[in-house]
Amino acid sequence: MKRVLAAELTEIMDDLVLLKGWIHKMKSFGKFAFVFLRDKSGVIQLVIEDEKILSQLKLEMSVEVKGIPVKNGKAPGGIEVQVKEIEIIGKTYYDLLPFSINQKKVEATLETELDYRYISLRRPDRRAIFKIQAEIVEAFKGYFKEQGFHEIHTPKIIASGTEGGSEMFTVNYFDRRAFLAQSPQFYKQMMVGAGFESVFEIGHAYRAELHNTWRHLNEYVSLDIETAFIKDEYDLMEFEIGFLKHLFQHLEENCKKELEMYNVVLPKIKEIPKIPLFEAQKILLEKYDKKSPLGNIDAEGEILFSKYIQEEYNSDFVFLTKYPASKRPVYTMPDDQYEGATKSFDLIYKGLEITTGGQRIHDYEMLRDNMIKFGLKPEDFGFYLDSFKYGMPPHGGFAIGLERITMKLLGLDNIRESTLLPRDMNRITP
Ligand code: AMO
């Protein structure tokens, strides 16, 4: 007998159906009970009259059910199943569930939920986050494949850092020291130059950030692109706008139910304002008396500036452009208009940076000289620098943090909520 899913029971079938799932909720009326069965698709009401079996049922057991679907206007979805046979196929071994699966509110802290991720994900609203996340990845793949980009998978155990700074995890690699990749930066550039021209990668990135915040993880998923023969960084911003438009269309078509659970109204993107960083800093100071750190704006500044953009441009998004060279990695192309600035940008979405990108230095000598200017030793960059000796074309790219875009889209408060199994300074399990 073929299994049917709860959500597939939309009309009455004469025959017995086979359902499998977990006991979501039970309402007993003495001689019979309504038992709600949950599977990956939804919840269906069962009517059970066998008192012996009812006494054995416990929340979250997994069961196999054979029964006849009948109409009941009061049942969720208008259909209930009159159970003929029920078998317990997955026993439980708990005294008390760590938190409720079947109530609107969880009544547990986020940390407890994460400790019991294997239970919290049984909640349909929690699984919805990851359904949407999976569709963000689908949309990213779909869009960039359509644009002629080639998917790559680059190593995550690497010999040197790519993003400057000290946020790297070291790994014992036999008798040598290696690092976990902070980003696929060098390899995505290399693959563009190697002839693919346009590449994308969906992969893990590692940051040994020494602070636990609502927006930082130590391991996250990076949606990266890199493309050759661009004119400048504005070509890249157009790619990101194109992707976002496609993404929201894709989510509207594929995640209606899940988006409703979080009351998400998808943004309608026409244009995204592009504002040089120094102007954003000036506006923050003049309008909000908010001072910014040198060559950047901090988390509070991002939130305030997004508020300003929402009021002035009616946009959830803003590109901050022309970041200073001193605050950008060594590979970033200097700007030809503003002294000390670069052809790089961040995309801020509802008060949070979700993307960094920019045009890269593609000329071998220029890159080598920039490394020296940054106080780095060109010989430490071996294969990366060498790959620029063979006609590297003008190119650039960007990376979107998957958990960050998911979080902002759903209006979640903490990045851990949009991370399946978060890694932070205090957590490496489950
Ligand atoms: P950057 O370091 O800004 O740029 O990272 C790109 C994007 O990745 C996400 N992100 C993070 N998400 C969660 N936790 C973190 N600790 C974290 N760090 C970064 C953010 C961020 O915007 N190589 C460049 C990209 C490029 O230029 O192509 C880079 O990695 O969403």
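Both counts, for ligands and for their atoms, begin at 1 and track the order of listing. Heavy atoms only: backbone and side chains are in, while hydrogens, waters and symmetry mates are out.
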Q: Specify whether Y308 and F305 have parallel, tilted or perpendicular ring planes, treating 30° as the upper limit for parallel and 60° as the lower limit for perpendicular.
A: parallel
**Q.** Donor + acceptor pair across side chains of Y313, E271 (<3.5 Å)
**A.** no
Q: Kindly say whether L421 contributes a backbone atom to a donor-acceptor pair with the side chain of R117 at under 3.5 angstrom?
A: no
(Q) Show me, by chain and number, every protein residue that has a heavy-atom distance under 4.0 Å to ligand 1. (A) E163, S183, Q185, K188, R207, E209, R215, H216, L217, Y220, Y331, E353, I354, T355, T356, G357, R360, G397, F398, A399, G401, R404, I415
Q. Are K25 and F34 in a cation-pi setup, meaning NZ or CZ lies under 6.0 angstrom from the ring centre and within 45 degrees of the ring axis?
A. no
Q: Start with the C-alpha gap between Y349 and D316, add the side-chain angles, then the distance that decides, and say whether side-chain hydrogen bond (donor to acceptor under 3.5 Å, both in side chains) holds.
A: CA-CA 6 Å; Y349 175 26; D316 285 344; 5.1 Å; no
Q) Mind checking whether F140 and F200 have parallel, tilted or perpendicular rings, split at 30° and 60°? A) perpendicular
